[in-house]
Colleague: 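Encoded as structure tokens, here's the structure I'll be asking about.
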Amino acid sequence: MKALPPTGTCELSTVGRRSGRVRRVEIWYVVVEGQIVLSGTPGPRSWVANLRPHPEAVLHLREPAIDLDVIAEEVVDRATRRRIIEQAWRLQPWYAAQPYSLDDWVSRSPVMTLAPAAATA
């Protein structure tokens, strides 16, 4: 697969935690330390709630245009979250422009890394 730009918008298809139906959401991604990372402003997100019981998802990239089967892993270690978010803020200025501090993001933002499904088998 062609290398991804360091940041961009994509769509993520998850399986609904209660309904079992496919849900699709538009979201920013960043590539940090070679990993695709999804995050967002502080607060709960349905896509995170869906990925916790069903980490298998499909990442629909725009550039390059490809659908990628992925396995999500929530980043819970505080030091790792901080390192990832600091880099994400540098890569995606929209994140840093939001009315939240870095500490707010580390404490309360969703942070998920995505790995190609074939690589986890």
Colleague: Side chains of Thr80 and Arg83, heavy atoms from C-beta outward: is any pair under 4.5 Å?
Modeller: yes
Colleague: Is any side-chain heavy atom of Leu102 closer than 4.5 Å to a side-chain heavy atom of Arg82?
Modeller: yes
Colleague: Rounded to the nearest 0.5 Å, what separation is found between the OG atom of Ser109 and the CZ atom of Arg45?
Modeller: 7.0 Å
Colleague: Any chain of hydrophobic side-chain contacts (each under 4.5 Å) joining Val70 to Ile27?
Modeller: yes
Colleague: Determine whether Arg62 and Thr9 make a side-chain contact, defined as any pair of heavy atoms from C-beta on separated by less than 4.5 Å.
Modeller: yes
Colleague: Determine the sole option in Thr14, Asp69, Val15, Ile71 for which the side chain to side chain contact (heavy atoms under 4.5 Å, CB included) test with Glu56 is passed.
Modeller: Ile71
Colleague: Let me check something: do Met112 and Leu4 share a hydrophobic cluster, defined by ILVMFWY side-chain heavy atoms less than 4.5 Å apart, either directly or through other members?
Modeller: yes
Colleague: When you look at CD of Glu73, are more than 12 heavy atoms from neighbouring residues, nucleotides or ligands closer to it than 6.0 Å?
Modeller: no
Colleague: Nearest 0.5 Å, please: how far is CZ in Arg24 from CG in Leu12?
Modeller: 9.5 Å
Colleague: For Asp67, which of Val58, Leu59, Leu61 qualifies under side chain to side chain contact (heavy atoms under 4.5 Å, CB included)?
Modeller: Val58
Colleague: Enter the distance from Leu68:CG to Cys10:SG here, rounded to the nearest 0.5 Å.
Modeller: 10.5 Å
Colleague: Answer yes or no: is there a side-chain heavy-atom contact under 4.5 Å between Val106 and Arg78?
Modeller: yes
Colleague: Within this structure, what is the CD-OG1 distance for the pair Gln98 and Thr41, rounded to the nearest 0.5 Å?
Modeller: 6.5 Å
Colleague: Hydrophobic cluster membership, with links at side-chain heavy-atom distances under 4.5 Å among I/L/V/M/F/W/Y: are Trp47 and Trp94 in one?
Modeller: no
Colleague: What I'd like to find out is whether the side chain of Arg52 reaches to under 4.5 Å of the side chain of Arg17, using heavy atoms alone.
Modeller: no
Colleague: Quick check on the hydrophobic clustering: are Leu91 and Tyr29 connected, directly or via other members, by side-chain heavy-atom contacts under 4.5 Å?
Modeller: no
Colleague: In terms of hydrophobic clustering (I, L, V, M, F, W, Y; side-chain heavy atoms under 4.5 Å; direct or indirect links), are Leu51 and Val76 co-clustered?
Modeller: no
Colleague: In terms of ring plane angle, is the pair Trp105 and Tyr95 parallel, tilted or perpendicular, where the classes change at 30° and 60°?
Modeller: tilted
